[in-house]
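Every heavy atom of this structure was used, including side-chain atoms; hydrogens, water molecules and symmetry mates were not. First listed ligand is number 1; within each ligand, the first listed atom is number 1.
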Amino acid sequence: MKPRKIVENVYWMGFIDWSNRLFDSLIPLPDGTSYNSYFIKGSEKTALIDTVEPVEIDELMEQLKDVPTLDYLITLHSEQDHSGAIPLVLKKYPNAKVICSQKAVDILLKIVDVPIESIVTVEDGEKLSLGDKTLQFVYSPWVHWPETMVAYLEEDKILFSCDFFGAHIATTDLFVTDKARVYEAAKRYYAEIMMPFRKIVAKNLDKIEKYDIKMIAPSHGQIYRDPSFIIDAHRDWINEKPKNLVVLPYVSMHGSTKKMVDYLTEVLVEKGLTVEQYDMAVTDIGKLAISLVDAATIVIGSPTVLSGPHPAAASATFLANALRPKAQFVSIIGSFGWGGRTLEILSGMIYNIKAEVIQPLLIKGYPKEADFKLIEDMADTIVQKHKEIGLL
Ligand code: FEO
């Protein structure tokens, strides 16, 4: 892909990864992704914002082939998918200065092996003149590493946001054309790496509010020509008030837990709640993460196997705990054959979720009449809890 003009003397460069289906060996990528770099040609100086993974360097170097000099290599975020190719770009432009936040220095030195003499730090709010174009750096920590910052191009009113506002999408459309598709991809992206830091995300949203932004250019996905679309979406996702939603990640081996999950779903839906089930044996964990952005209640369904929770249920629980969702209620439901420590183990895995525990329900074998009554009691409690926080 050749460099693509965004506005006069500002170009997209980078790599569109159509085939990657698993980011960081963890995150499913149903739509692939992109690694965006941005080249700015000022009247006096040139700058490249972020690079790509080292394995994708050939494409970036081809895009830079007609760029004789590079004055600044700006790194907004030190994770390797944006910083990894810095040493390779510096080989072509040994005099380029690597511009980063103060907190990025140690990471760049240790993770990427950038030579210290190339590094120049900028302060929060500092400006860098390229002649007729001016970049202002705004520290935006924890979106999603401690050193992250964004850069505002004053004359063109473009906010380069790196991972902030990103979305994993491979497409030839430089700008957002299908908002529905981008909304889901961006929500998945937020859920998987930004949600645990949503209180700081809120502060960063406030911080950029004073800028007159015409476009947001992230490091993954497409450029937003309607910034309010993605900013408003983030404001909704960080809102601490959950939605009237119960998320039910579960596993079932012989159908008993599944029967309980289905009955709980049926009763909750009859009472006006929305329920989303995820069979962890086959679920895309990104879909589960998206639901956790909004859920008021999480109920984990697991059989007991090898004296504990099913490993797939434990994995879902571990993920939910790591993402620190805003859920206010949590419980466990499931079945066992002869015994085990399922409740104890799962309960010990959700220490990050500051939620009230609703009395869990583990039954022996396939659910019977008395068990269905207990499931109805659990549903009544969930309904009552949702009423108490104004969701019903
Ligand atoms: Fe796209 Fe945190 O790297």
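Listed by chain and number, the protein atoms of type N/O/S under 2.8 Å from atom 2 (Fe) of ligand 1 are His77 NE2, Glu79 OE1, His144 NE2, Asp163 OD2; waters are omitted.
For the 3.5 Å distance criterion, the side chains of Thr134 and Glu155 qualify, holding a donor opposite an acceptor. Residues Thr381 and Gln359 bring no donor and acceptor atom of their side chains to less than 3.5 Å of each other. With no hydrogens or angles considered, no side-chain donor-acceptor pair links Tyr224 and Gln222 at under 3.5 Å. Checking Asp163 against Tyr189 by side-chain atom types alone, a donor-acceptor pair falls below 3.5 Å. Side-chain contact annotation: Glu276 with Ser291, donor-acceptor N/O pair under 3.5 Å present. For Ser219 and Asn36, the side-chain atoms include no donor-acceptor pair closer than 3.5 Å.
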